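Every chain is numbered from 1 and lettered A, B, ... according to where its sequence line falls, protein lines coming before strand lines. The basis for the numbers below is simple: all heavy atoms, side chains too, and nothing from hydrogens, waters or symmetry mates. What you see is a predicted model, and the numbers here were worked out from it, not measured in a lab.
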Number of protein chains: 2
Amino acid sequence: MNGDDSVSRPTDDIMCATYRALCRHGYADLTMQDIADEWEKSKPALHYHYDTKRGLLLAFLDHLFTNYTDRVAAPEDGPARERLDALIDAALDPPRADTHRELRTALFEVKAQAPHDEAFRERLSRFDDYLTDEVRSVVGDGVESGAFRADTDIETTATLLVTLLNGAHSRRVALGADDGVREAIRAFVDDHLGRRVDESR
Amino acid sequence: MNGDDSVSRPTDDIMCATYRALCRHGYADLTMQDIADEWEKSKPALHYHYDTKRGLLLAFLDHLFTNYTDRVAAPEDGPARERLDALIDAALDPPRADTHRELRTALFEVKAQAPHDEAFRERLSRFDDYLTDEVRSVVGDGVESGAFRADTDIETTATLLVTLLNGAHSRRVALGADDGVREAIRAFVDDHLGRRVDESR
DNA sequence: TTTTGCTGACTGACCGGTCAGTTACGGTGT
DNA sequence: ACACCGTAACTGACCGGTCAGTCAGCAAAA
């Protein structure tokens with residue numbers, strides 16, 4: 001129907017403004033006014049497009065998910081080990097880390113709010129499920145192609161990796177420290193899945 | 001000096017009330033009034049003892065830390081493997097899990113607030129450092145006593161375990177799910193440290 | 001003319017913190 | 001015995017500020 005090509009739809013602009021506002025103020029201190037300012041429109045204009053703050057934020061999470069899956073999607077081919085490393089790096093610090101660092105903090109704040117709101121929980125589960133699927137897929141391929149140990153329990157390994165990534169995220173954001181977690185995870189992958197490439201155990 | 005024995009000091013009562021209020025309302029929705037209600041005193045009475053909400057909350061974290069370390073402290077002796085399991089269980093769901101589940105959620109919310117406040121970050125680091133020390137100590141003992149593989153990198157293993165516990169905490173609270181993370185961690189310990197007790201690799 | 005998109009001004013609720021008092025109590029002087 | 005004072009602990013009323021959401025109206029597009 002409405003083939004607005006060059007014209008950016010207002011809702012897209014709002015998502016973009018929300019992103020910037022979120023990075024600048026964090027989730028807890030995020031007000032509708034902040035978003036409106038970033039959008040360079042008035043606060044009631046925001047309420048014209050989204051009835052409630054909660055609705056806007058949920059829409060933002062949806063928006064983020066489509067972008068996220070676009071970005072993190074692992075290449076379908078290539079050595080499994082390299083694909084897994086790329087996946088871990090992507091999850092650990094997303095592309096343009098300097099720009100996205102603040103977003104990660106904000107998303108962590110969203111996580112903390114999730115326990116009290118089913119809809120938020122559902123959105124976050126989507127992220128988690130997606131990441132788990134990707135990891136499971138890569139690990140599965142690696143086992144099949146012989147790159148990883150044949151006796152690997154794919155499900156357990158995927159759970160471990162995703163939990164590790166979650167923990168790394170949590171510690172980095174909450175403590176501000178990064179005490180070799182990345183190296184530890186890499187060591188885990190080496191030790192658990194491969195490296196000792198003498199196929200037979 | 002002041003030998004108030006049977007008389008519970010008001011500040012202790014306040015910490016207790018804060019605990020209950022935190023469990024009932026969560027961190028984000030916690031007001032001074034909530035704490036005052038739980039304490040069955042007035043809000044200004046609260047400000048009489050603690051100038052600011054932030055100060056009260058920081059005091060509460062300190063209070064919690066002393067209790068936490070009292071509770072989680074692993075027994076000094078016994079098989080390393082059992083001590084490690086106990087430590088993991090304690091970190092995964094603290095004693096009286098039914099009573100403390102809400103507190104864990106609240107503490108997670110505190111974590112999310114930490115990036116914006118150095119003092120909170122410092123308190124949380126104390127918890128993390130304590131847990132890391134305990135894990136490192138148990139793993140070290142296990143390696144020394146031969147219960148764990150001799151080629152274990154103690155530091156890396158401790159980092160991995162603590163990160164896993166963080167991740168498990170995060171996922172459980174934020175997603176409400178518990179998809180066999182505990183089993184995965186146990187499998188990790190089996191696979192990584194022992195179980196295959198054929199000493200030589 | 002109607003609809004779309006927007007604005008300035010506003011409301012109602014909430015919340016952290018303040019303040020002027022009040023109560024209970026333990027000395028101290030008489 | 002009684003009056004007096006000081007202080008710790010506490011209360012009801014209130015203030016300043018914030019923020020989500022509302023509303024009447026305006027301008028441009030359809």
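In this structure, CG on B:Leu64 lies 4.5 Å from CZ on B:Phe127, to the nearest 0.5 angstrom.
Across the protein-nucleic acid pair, B:Asp37 atom CG and D:dT11 atom P stand 11 Å apart, rounded to whole Å. The separation between B:Lys41 atom NZ and D:dA8 atom P is 16 Å, rounded to whole Å. Rounded to whole Å, atom C1' of C:dG5 lies 17 Å from atom CD of A:Glu40. Rounded to a whole Å, the OH atom of B:Tyr48 is 16 Å from the P atom of C:dA20. Straight-line distance from the CG atom of B:Leu46 to the P atom of D:dG12: 14 Å, rounded to whole Å.
Between the B:Asp129 side chain and the B:Arg126 main chain, no donor and acceptor come within less than 3.5 Å of each other. Checking side-chain atoms of A:Arg83 against main-chain N and O of A:Val138 turns up no donor-acceptor pair under 3.5 Å.
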Open item on the list: For a quick check, with a 4.0 angstrom heavy-atom cut-off, what is the B/S/- contact string for nucleotides 13-30 of chain D, read 5' to 3'?
Closed with: B-----SBBBB-------
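Between the side chains of A:Thr31 and A:Asp34, at least one donor-acceptor pair of N or O atoms lies under 3.5 Å. For the 3.5 Å distance criterion, the side chains of A:Glu109 and B:His116 qualify, holding a donor opposite an acceptor.
Contact check on B:Asp190 versus B:Arg186 returns no salt bridge, with no Lys/Arg side-chain nitrogen under 4.0 Å from an Asp/Glu carboxylate oxygen.
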